[in-house]
Amino acid sequence: MDLTTHQEWLVRFYRSRQWYQYSPFIRLNFLTEEVGELSRAIRAIEIGRDHPGEADRTSADLTANLEEELGDVLDQVLILSHKFGVNPERLLAASEQKLRARFDESGI
């Protein structure tokens, strides 16, 4: 599945649950929340747990949680990009172009 196909599905899914109507400003708060959860997932991987009172989890559990949180962050970015009419494939191309130009990496 490519990003545009997933974005289209995601927008339909959010609309069917009346979640899409939230403004970009509110959606940004959701993204911030998801980034916080991603931070916790990464911290748990780096030190083996999220906080001292928490039981240790397996590497597979930690990785599964990381993947889930990365997906949640990506979904919020895709919803925001749709709200502003920005194609996600274009975002990837623009990001690559910017980095290549900035760091003169045209040969990679």
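Residue numbers run from 1 in the order of the sequence given. Small disclaimer: the values here were computed from a predicted structure and weren't measured.
Under the 4.5 Å side-chain contact rule for hydrophobic residues, Leu80 and Leu92 do not share a cluster. Under the 4.5 Å side-chain heavy-atom criterion for grouping Ile, Leu, Val, Met, Phe, Trp and Tyr, Val86 is not connected to Leu3 through any hydrophobic cluster. Side-chain heavy atoms closer than 4.5 Å link hydrophobic residues (I, L, V, M, F, W, Y) into clusters, and following such links, possibly through other members, connects Ile42 to Val77.
What you find for Gly85 and Arg90 is that their closest heavy atoms are O-NH2, 3.9 Å. Heavy atoms only, all atoms of each residue included: Thr4 and Asp2 are closest at N-OD1, 3.1 Å. Contact between Met1 and His6 at its shortest, heavy atoms only, is SD-CB, 3.4 Å.
Distance CG/Asn87 to NE2/His82: 10.0 Å, rounded to 0.5 Å. Taken to the nearest 0.5 Å, the CG atom of Leu66 stands 14.0 Å off from the CZ atom of Arg40. Taking CG from Asp75 and CG from Leu10, the interatomic distance works out to 4.5 Å, rounded to the nearest 0.5 Å. The distance from the CD atom of Gln7 to the CZ atom of Arg12 is 11.0 Å, given to the nearest 0.5 Å.
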Would you give me the side-chain donor-acceptor pairs under 3.5 Å for residues 58-65, sequence neighbours excluded?
from  : atom 1 : to    : atom 2 : distance (Å)
Thr58 : OG1    : Asp61 : N      : 3.0
Thr58 : OG1    : Asp61 : OD2    : 3.2
Thr63 : OG1    : Ser59 : O      : 3.0

Which atom pairs, one a donor and one an acceptor, fall under 3.5 Å between side chains of residues 26-38 and the rest of the protein, sequence neighbours left out?
from  : atom 1 : to    : atom 2 : distance (Å)
Arg27 : NH1    : Gln76 : OE1    : 3.1
Arg27 : NH2    : Trp19 : O      : 2.5
Thr32 : OG1    : Leu28 : O      : 3.0

Requested in this report: Start with the C-alpha gap between Leu91 and Ser81, add the side-chain angles, then the distance that decides, and say whether side-chain contact (heavy atoms from CB on, under 4.5 Å) holds.
Outcome: CA-CA 9 Å; Leu91 286 175; Ser81 68; 4.0 Å; yes
Requested in this report: Kindly indicate, with the supporting measurements, whether the criterion side-chain contact (heavy atoms from CB on, under 4.5 Å) is fulfilled by Tyr14 and Gln21.
Outcome: CA-CA 9 Å; Tyr14 272 49; Gln21 79 275 7; over 6 Å; no
Query raised in the report: What's the verdict on side-chain contact (heavy atoms from CB on, under 4.5 Å) for Asp72 and Glu68, showing C-alpha distance, side-chain angles and the deciding distance?
Result: CA-CA 6 Å; Asp72 291 348; Glu68 178 182 343; 4.2 Å; yes
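Both cation-pi conditions hold for Arg17 and Phe13: the charged atom is under 6.0 angstrom from the six-membered ring centre and inside a 45 degree cone around its axis. Under a cutoff of 6.0 Å and an axis angle of 45°, Lys83 and Tyr22 do not form a cation-pi pair.
With respect to Glu96 and Arg100, a salt bridge is recorded, a charged nitrogen being found less than 4.0 Å from a carboxylate O.
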